[in-house]
Engineer: 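Have a look at this one before I ask anything.
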Amino acid sequence: MSLIIGVPRETAPGERRVAMVPRAFAALQKSGAELLVEPGAGEASGYPDAEYVEKGARLAAGRDELFAAADVLLFVRTPGTWQQAPGPAPADPDLARLRPGQVLIGFADPLSLPEASRELAARGVSAFAMEMMPRITRAQGMDALSSMATLAGYKAVLLAADALPRLFPMLMTAAGTVTPARVLVIGAGVAGLFAAATARRLGAVVSAYDVRPAAREQVESVGAKFVSLPLETGDSEDRGGYAREMNADFYRRQRELMAGAVKEHDVVITTAAVPGKRAPVLVTRDMVAGMAPGSVIVDVAAERGGNCELTRPGETVVEHQVAILGPLNLAATVPYHASQLYARNVASFLGHLLRDARPAAAPLALDTADEITRETLITRGGEVVHERVRQLLGLSPSTSPATAAAAKPGDGQPPPDPPRPASPAPAAPAPSTA
């Protein structure tokens, strides 16, 4: 029986992306899989139903048929995750549509919303979280977090340029010289690097700071100046290359040293985040008060609480004549290319899961001895199987094969790939390529 891959329409408020685009599915067709699409799934992203049909997909009669027929369901946000905002929220009706044995792939935010993972486990599905993709060489083409962070960094600079009451580039005119804007990017991960590169292309003078010493070379590679603070940062980076949460004394000293840098800039773009944790507060109320009137802060970390003390997620506020933007889900504001990049990441991941299945057939066999499969698998067989998520839920260590393999990666298995460093932003934007 051929494997049926289902693509539903996203229902989270403001979510305009779609998990699979017509062209990205072409690579999966070689495996013999069938694509079933909910009518209108790609309309908000700029992908009409006709394009899916042209590429060999079949349109479902409705959402109920899609969920009932699909062996694998592709999401941008998996069911039960986007309703977890503070305050009472109705249960996601899609949870009731799931059936045991189905495979779900999407952003599930399991480290911040572990209860949502517990709910998925209760439905008997095998859920994969794209944000848990290990940062290893083999998984580069599957790294959806980096794809979306690239777009977030780009869009953050455009928002800043639009809100700033002055120009970014230096201009020499008959009326005199216009000095360039000064931009400070805090957090030099993928989003921060692309923000720095984009601000440079717009003509601004750009500086960037990151707690990880290894980021200096990456910052300088995109033409920005690295801001160095006299701090002990030896354990600031984890094995995967992500920033590690530091203690309160470190953040207090960091804020004290950063105050001088912040007040010297017209634009501050903050992107600092720690997986599964609230974003650290790096820009205080007093630091905002010290900025020049008309300055702009774009807090890309607003979804995680924000790096600025005055950020209100989803809002723009003005304090001390400084505009503080707290945008949410920036990638969804450029849905055409966000969907294109995400779909390629998902297609690469599915191709990895299907690599030994020709033709692809249901049920999907999962090799939990493989690092990519194991580290992204959150639920299976009615239980939460990812050890980090189990710890957050207060569950005892799992005895499932997936976590047993994780506990002893060298026992009869090849060692995991070494972590890869975060790639610097390219010299010019290339939103149409993954």
Side-chain angles (χ1 to χ4, degrees), residues 5 7-28 35 37-38 40-49 51-52 55 73-78 81-82 104-109 128-133 139-160 162 189-195 197-198 269 271 273 298-304 313-314 325-350 422-423 425-426 428-434:
I5 301 172
V7 182
R9 178 178 55 83
E10 296 293 321
T11 56
E15 185 54 75
R16 299 164 60 196
R17 293 170 290 180
V18 64
M20 183 56 60
V21 302
R23 185 171 295 181
F25 177 64
L28 296 173
L35 187 67
V37 181
E38 181 180 2
E43 284 184 357
S45 314
Y47 298 96
D49 292 343
E51 290 191 15
Y52 287 96
K55 293 296 183 179
L73 286 164
L74 308 182
F75 296 92
V76 176
R77 298 190 182 191
T78 54
T81 57
W82 57 267
L104 277 59
I105 298 174
F107 286 126
D109 205 2
F128 288 92
M130 290 296 289
E131 58 267 75
M132 302 299 287
M133 193 67 63
Q140 279 186 304
M142 312 171 202
D143 188 356
L145 272 185
S146 291
S147 295
M148 299 302 102
T150 295
L151 300 175
Y154 165 79
K155 194 60 182 285
V157 174
L158 298 189
L159 292 176
D162 183 58
V190 177
L193 288 172
F194 212 83
T198 302
I269 297 174
T271 69
V298 180
D299 197 339
V300 179
E303 291 186 67
R304 298 292 183 185
L325 286 64
L328 303 176
N329 199 7
L330 278 173
T333 65
V334 279
Y336 183 87
H337 284 124
S339 299
Q340 183 183 91
L341 297 180
Y342 181 69
R344 290 177 179 175
N345 296 141
V346 170
S348 294
F349 180 55
L350 255 178
S423 301
S432 61
T433 58

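Model, not experiment: these values are computed from the prediction. Hydrogens, waters and symmetry mates are skipped; everything else that's a heavy atom, side chains included, is used.
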Engineer: Looking at every non-hydrogen atom in both residues, tell me the closest pair between Pro22 and Tyr47 and how far apart they are.
Structural biologist: CD-CD2, 3.6 Å
Engineer: Can you give me the closest heavy-atom contact between Ala302 and Pro327, atom names plus distance?
Structural biologist: CB-O, 3.7 Å
Engineer: Might you point out which heavy atoms bring Asp49 and Gly40 nearest each other, and give the distance in Å?
Structural biologist: OD1-N, 3.0 Å
Engineer: Minimum heavy-atom separation for Tyr336 to Gly46, with atom names?
Structural biologist: CE1-O, 4.1 Å
Engineer: Are the side chains of Val157 and Phe194 in touch, meaning some heavy atoms are under 4.5 Å apart?
Structural biologist: no
Engineer: If you measure from OH on Tyr154 to CG on Leu330, what distance do you get to the nearest 0.5 Å?
Structural biologist: 12.0 Å
Engineer: Less than 4.5 Å apart, any side-chain heavy atom of Met130 and any of Val346?
Structural biologist: yes
Engineer: Starting from the C-alpha separation in whole Å, work towards a yes-or-no answer on side chain to side chain contact (heavy atoms under 4.5 Å, CB included) for Leu145 and Phe107.
Structural biologist: CA-CA 9 Å; Leu145 272 185; Phe107 286 126; 4.1 Å; yes
Engineer: Looking only at non-hydrogen atoms, find the nearest pair between Ala338 and Ala331 and report the distance.
Structural biologist: CB-O, 3.3 Å
Engineer: Closest heavy-atom contact between Ala347 and Ala24?
Structural biologist: CB-O, 3.8 Å
Engineer: Can you sort out the partners of Arg77 under salt bridge (Lys or Arg N to Asp or Glu O under 4.0 Å), two or more places apart, ordered by chain and number?
Structural biologist: Glu15
Engineer: Could you check whether any side-chain heavy atom of Leu35 comes within less than 4.5 Å of a side-chain heavy atom of Leu28, counting everything from C-beta outward?
Structural biologist: no
Engineer: Without hydrogens or angle criteria, can the side chains of Asn329 and Arg17 be said to hold a donor-acceptor pair below 3.5 Å?
Structural biologist: yes
Engineer: Applying the side-chain contact (heavy atoms from CB on, under 4.5 Å) criterion to Val300, which one of Leu159, Thr271, Leu328 satisfies it?
Structural biologist: Thr271
Engineer: Between Glu10 (side chain) and Phe75 (backbone), is there a donor-acceptor pair under 3.5 Å?
Structural biologist: no
Engineer: Side chain of Asn345, backbone of Gly141: donor and acceptor closer than 3.5 Å?
Structural biologist: yes
Engineer: Dump the intermediate steps for side chain to side chain contact (heavy atoms under 4.5 Å, CB included) on Leu341 and Met148, then the final yes or no.
Structural biologist: CA-CA 8 Å; Leu341 297 180; Met148 299 302 102; 4.2 Å; yes
Engineer: Show, in sequence, the C-alpha distance, side-chain angles and deciding distance for Asp143 and Val190, and conclude whether the side chain to side chain contact (heavy atoms under 4.5 Å, CB included) test is met.
Structural biologist: CA-CA 11 Å; Asp143 188 356; Val190 177; over 6 Å; no
Engineer: Measuring only between side-chain heavy atoms, which start at C-beta, is Arg344 closer than 4.5 Å to Gln340?
Structural biologist: yes
Engineer: Quick check: does any side chain N or O of Ser339 sit under 3.5 Å from a backbone N or O of Val18, one acting as donor and the other as acceptor?
Structural biologist: yes
Engineer: So, taking the atom named OG1 in Thr150 and the one named NZ in Lys155, what distance separates them when rounded to the nearest 0.5 Å?
Structural biologist: 14.5 Å
Engineer: Can you say whether the rings of Phe349 and Phe128 are parallel (under 30°), tilted (30 to 60°) or perpendicular (over 60°)?
Structural biologist: perpendicular
